[in-house]
Amino acid sequence: MSDSTNTRGRKKRWVGAVGLLAAGVSSGGVLASALSASASTSAASGSTASSSSSGDARAPGPGGAQPVRSDEKSVSSATAAALRAAALKAVAGGTVYRIETDAGDGVYEVHMTKADGSLVTVKFDKNLKVTKVESGMGAGDPGPAGQASPGAAA
């Protein structure tokens, strides 16, 4: 009888330990989410000064940091680094918020916010050379199949 009682006691302790572990994991996840959200809020509110000087895409601009069009894609990190450096040279004091391929008149494009807060798009050729700097989101690019171009009248 003592083996049966002893086994039952071990099972209860095991179940209790597993329950405590699950509660701890759950609480940790909630705490991590809260801390992450708090850190994101702090980073977003304090990123303006640091991102202007470094060109980091901490506070995405219109459309966010990822391509918004189905016919434009993200680029490799090595290509993105070269494009970022050239775009920051072309638009001194600007902040890069998106780097992608271009479906229009360039091969690549870098979307930026200038120091004065206005938006520009820096266009590049296949050799990663700046071909032009356009005001706004890239005027003149054709829209994806079945959609109007961004600058077209509705």
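Under the 4.5 Å side-chain criterion, counting only non-hydrogen atoms from C-beta, Tyr108 is not in contact with Ile99. Between Val130 and Phe124, the closest side-chain pair of non-hydrogen atoms falls below 4.5 Å.
The two residues Ala82 and Leu128 have their closest heavy-atom pair at CB-CD1, 3.8 Å. The two residues Val75 and Glu100 come nearest to each other via the heavy atoms CG1-C, 4.0 Å. Considering every non-hydrogen atom in both Lys114 and Val91, the closest pair reads CG-CG1, 3.7 Å. Scanning all heavy atoms of the two residues, the minimum distance from Asp105 to Glu134 falls at OD2-OE2, 3.7 Å. In terms of heavy atoms, Gly136 sits closest to Thr121 at O-OG1, 2.8 Å.
For the pairing with Val96, the side chain to side chain contact (heavy atoms under 4.5 Å, CB included) check across Thr113, Val122, Leu88 returns one residue only, Leu88.
Between the side chain of Asp125 and the backbone N or O of Asn127 there is at least one donor-acceptor pair closer than 3.5 Å.
Summarising the geometry, atom CD belonging to Glu72 is positioned 5.5 Å from atom OG1 belonging to Thr101; distances are rounded to the nearest 0.5 Å. If you take CG on Asp102 and NZ on Lys73, they are separated by 13.0 Å, rounding to the nearest 0.5 Å.
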